[in-house]
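Below: the structure, in structure tokens.
Not measured: the values here are computed from a predicted model. Here is the naming used below: chain letters follow the sequence lines, and residue numbers restart at 1 for every chain.
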Amino acid sequence: MSQHSHGRDDSAKIADHHHIHSELPSDPALRVKALESLLAEKGLVDPATIDAWVEIYESKIGPRHGAKVVAKAWVDPAYKQRLLTDATKAIGELDMLGGQGQHMVALENTPGVHNLVVCTLCSCYPLPVLGLPPAWYKSAPYRSRAVLDPRGVLKEFGLELPEHVKIRVWDSTAEVRYLVLPERPAGTEKLTEEQLAALVTRDAMIGVAKVTA
Amino acid sequence: MNSIHDMGGMHGFGRVEAEPNEPPFHERWEGRAGGIVETMSFPPGFPGDRFRYLRETLRPDLYLTQSYYEQWLYVAEQILLEAGMISAQELRDGRPAAGEAKRNDAMRRDVVWDYLHDRTHTGRKLEQGPCFAIDQRIRARNMQPEGHTRLPRYARGKIGTVTRHHGGHVLPDAHAHWQGPAPQHLYTVRFTARELWGEAANARDTIHLDLWESYLEPA
Amino acid sequence: MNGVHDMGGMHGHGPVAPEKGEPVFHARWEARMLGIRRGATFPSEVNIDRWRHIRELIPPHLYLSRSYYDHWYMSYVAALLQSGWATAEEIKSGHAGSGTAKRNDAMRPDQAWESQKTRGVFTRAVETPPLFAMGQRVRARNINPSGHTRLPRYVRGRVGIVGRHHGGHVLPDSNAHGKGEAPEHLYTVAFSMQELWGAEASPHDEICADLWESYLEPA
Amino acid sequence: MLKDHPHHHDHPRAHSEVPSDPALRTKTLESLLTEKGLVDPAAIDAWVDAYEKKIGPRRGAAIVARAWVDPAFKARLLSDATGTIETVGFLGREAQHVVVLENTPAIHNLVVCTLCSCYPWGLLGLPPRWYKAAPYRARSVMDPRRVLAEFGLALGEEVEVRVWDSTAEIRYLVLPERPAGTDGLSEAELAALVTRDAMIGVAKVEAPKEAKA
């Protein structure tokens with residue numbers, strides 16, 4: 001693990017292969033179409049499988065999953081305890097584990113602590129519970145500033161936190177994926193678990209918003 | 001600011017591509033662009049450090065794709081726009097708005113040579129003596145200013161040794177933002193390559209930076 | 001590698017721009033590219049860590065100017081070229097060269113959901129006991145590898161506190177370069193904002209990062 | 001320190017309204033400024049002429065050659081380069097405060113500007129492209145030996161490499177080692193051997209071919 005590491009030549013070869021991109025059309029729609037037909041011709045992909053994956057991310061996986069986890073934790077203290085102790089197991093109980101979300105940690109927001117999740121190095125995100133990340137989560141502004149100026153970023157999302165609240169930013173550098181357990185809003189005592197789940201937003205589970213009643 | 005211009009220690013840019021017998025300008029426009037920026041009228045009292053700062057504000061992907069003289073053009077445009085000496089509309093049209101009075105105070109051909117040898121410089125006499133002595137161990141401060149600074153990220157928080165004192169110099173961090181010259185003592189500080197880059201670096205090699213007094217604290 | 005992908009703490013990228021009612025995909029090609037990433041056959045050496053490294057090696061100006069799924073396109077193309085599974089000509093034309101034998105082992109549509117549920121488990125047994133205990137002060141090592149690493153530049157050399165132990169996890173630095181999974185203990189380490197960014201940072205806030213044992217030393 | 005970023009940050013698209021072809025963009029700006037009386041095209045001509053024909057590495061080479069033949073001059077140059085070069089008349093734009101760095105068999109100096117492209121114009125003319133480009137700026141502080149090797153200069157382990165990052169207005173000029181076998185050469189002949197690259201520190205000065213033989 002030195003700067004003269006064995007990775008150097010390996011990396012240089014890959015970097016060379018990236019040179020092709022300057023010779024290809026700039027419109028990604030054209031490039032991806034050509035890639036799909038090439039892969040299909042070579043038998044490296046079945047276009048129907050692409051359809052299946054698109055359907056998974058468009059209809060089967062999304063923030064509704066995470067919202068169910070949150071709502072259950074709000075109404076079921078024992079579940080909440082299990083979630084905070086071993087989120088992988090607790091989310092597994094609901095059959096909501098999967099790729100990019102096999103090792104889960106839940107972070108509880110309280111009046112004194114606010115958690116915020118980012119991946120500065122790429123765009124790691126808990127796919128099985130939140131679906132695909134929004135464009136802003138993957139963008140340079142969020143990745144660069146969430147760690148240096150989390151309060152400024154939150155303010156841009158309309159969330160101004162008092163000085164005494166401790167902000168904990170979680171940079172997803174490994175394969176552990178983070179889900180924020182937002183505070184249950186006041187005045188929701190009478191709502192059912194399902195009604196509560198409908199209040200929980202994706203942004204609140206990333207930590208850039210609170211849940212409002 | 002911690003932007004893409006602060007390149008020291010980055011990977012991913014490939015090899016250094018040296019060009020044999022490189023001409024001063026590769027195309028005619030490069031010389032014209034350089035000449036425009038060097039000889040055009042600047043806003044009164046324009047602080048030289050602001051030129052560098054404005055270059056740093058170029059969008060990061062454009063900073064990496066635009067050539068040096070293109071970046072100068074961008075800076076020249078920003079300077080003139082900021083000062084209201086040209087308008088965005090004029091820049092798009094390439095001609096002055098109707099009814100503009102033409103100025104007659106631009107740098108003339110016969111003073112260019114003198115301008116290139118003018119001795120206006122950033123050295124300043126300071127009343128107060130320097131805080132740090134030659135051979136003193138110092139730590140470069142860990143700071144993340146959003147504005148202009150000449151303390152590269154790779155040296156922040158690292159310990160070095162003062163090797164030279166240059167007297168007072170205009171402080172870019174203030175000057176670039178129209179806050180006056182605010183001169184401070186300037187030092188050359190030597191860092192070992194291992195302090196900056198870790199144990200895998202060469203044990204003999206050193207990196208030297210010119211750093212202002214407020215960039216430093218005793219170590 | 002210290003590439004432009006290592007963005008933590010950078011300025012110059014502008015404000016975060018959330019989009020109201022953002023669709024899952026902004027264009028059909030994004031959906032197709034996602035489907036290719038998940039459903040296409042990959043050269044066996046392209047594990048998740050190598051995939052990330054291939055993405056980090058996208059030329060910096062393209063990394064900054066092109067969108068997320070375009071990064072995937074560029075990375076998959078580079079992986080195909082690297083493995084010899086496709087030629088530059090084939091990528092350009094979108095058609096297989098003559099005489100290519102068609103494979104018949106691509107993922108079937110009915111296998112997609114099972115793949116989604118089961119892929120990506122990275123915990124591994126590690127024989128040795130963990131070197132660091134909960135609450136222990138550790139320093140992130142100052143390393144600057146040219147290959148893949150998940151130790152961001154902004155935490156290197158900084159002292160934090162071990163907050164959680166995740167057991168053994170595949171080490172990206174090794175796995176990305178075909179040198180085996182080399183699992184190590186993984187810890188969550190909490191750093192104060194002031195430790196990372198200096199005295200002007202918020203005194204209340206902290207940043208937690210998941211770091212492998214070899215990234216750390218006792219402090 | 002400050003947040004007076006230029007207006008384009010609020011309007012990231014504004015910049016794309018100007019022509020993207022730099023030649024056209026230059027022409028547009030030159031004619032606009034000329035018409036407004038903000039620049040005189042003849043002054044641009046004079047500026048171009050100065051850097052194409054008059055101000056270049058020959059200036060630095062003259063200083064190096066003089067230092068090689070005149071020990072008193074060399075001593076003054078190393079202790080006070082600014083004062084010494086001032087008497088030659090080379091100081092001015094981008095060369096107001098100069099430090100000269102002596103290369104020896106044990107010490108090799110290398111100059112870079114990681115933050116922009118600072119360079120001693122008054123002594124070396126305008127910098128070459130590679131000096132201003134990302135690879136050199138990024139790598140020479142962390143990996144100077146490999147950068148030098150790519151320039152064809154392999155230094156022994158016993159040599160100390162000193163990299164000078166030009167962060168302030170001090171400009172650095174490397175005083176290369178005088179090559180062996182040049183004892184009979186005149187100051188002018190010596191100056192002809194000294195290259196720009198040697199005065200940046202990415203090369204050594206070679207003896208002329210006949211002198212080597």
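Heavy atoms only, all atoms of each residue included: Gln144(B) and Trp197(C) are closest at CG-O, 3.4 Å. Of all the heavy atoms in His61(C) and Asp61(B), the pair that sits closest is O-CB, 4.0 Å. Smallest separation of non-hydrogen atoms from Pro60(C) and Leu64(B): CB-CD1, 3.6 Å.
For Asn2(B) (side chain) and Gly9(C) (main-chain N/O), a donor-acceptor pair under 3.5 Å exists by modelled atom type.
Heavy atoms of other residues, nucleotides or ligands lying less than 6.0 angstrom from CD of Gln128(B) number 12 at most. For Arg137(C), the CZ atom counts as loosely surrounded, since its 6.0 Å shell holds 12 or fewer non-hydrogen atoms of other residues, nucleotides or ligands. Residue Glu200(C) qualifies as open at atom CD: its count of foreign heavy atoms under 6.0 Å is 12 or below.
Only the backbone of Leu196(C) comes within contact range of chain B, with at least one heavy atom under 4.5 Å from a heavy atom of that chain. There is no contact between Ala201(C) and chain B, counting heavy-atom distances below 4.5 Å. The part of Glu195(C) that comes within reach of chain B is its backbone (N, CA, C, O), which places non-hydrogen atoms under 4.5 angstrom from that chain. Residue contact with chain C, scored on non-hydrogen atoms closer than 4.5 Å, is absent for Glu56(B). If you measure heavy-atom distances from Arg141(B) to chain C, the contacts under 4.5 Å come from the side chain alone. The contact between Leu196(B) and chain C is made entirely by backbone atoms, counting heavy-atom distances below 4.5 Å.
Inter-residue side-chain proximity for Arg158(C) and Asn142(B) is flagged as met; some heavy-atom pair is nearer than 4.5 Å.
Distance check: Asn144(C) CG to Met10(B) CE gives 11.5 Å after rounding to the nearest 0.5 Å. With rounding to the nearest 0.5 Å, the separation of CD in Glu217(C) from CD in Glu199(B) is 7.0 Å.
The choice from Met143(B), Arg153(B), Arg156(B) that makes the most heavy-atom pairs within less than 4.5 Å of chain C is Arg153(B). When each of Gly12(B), Pro60(B), Gly14(B) is scored by its heavy-atom pairs under 4.5 Å with chain C, the top score falls to Pro60(B).
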Original post:
Going through the distances and angles, do Arg153(C) and Tyr154(B) end up as a side chain to side chain contact (heavy atoms under 4.5 Å, CB included)?
Top reply: CA-CA 9 Å; Arg153(C) 280 182 86 181; Tyr154(B) 72 82; 4.1 Å; yes
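Applying the side chain to side chain contact (heavy atoms under 4.5 Å, CB included) test between Asn142(C) and each of Glu195(B), Arg194(B), Lys158(B) identifies Lys158(B) as the sole match.
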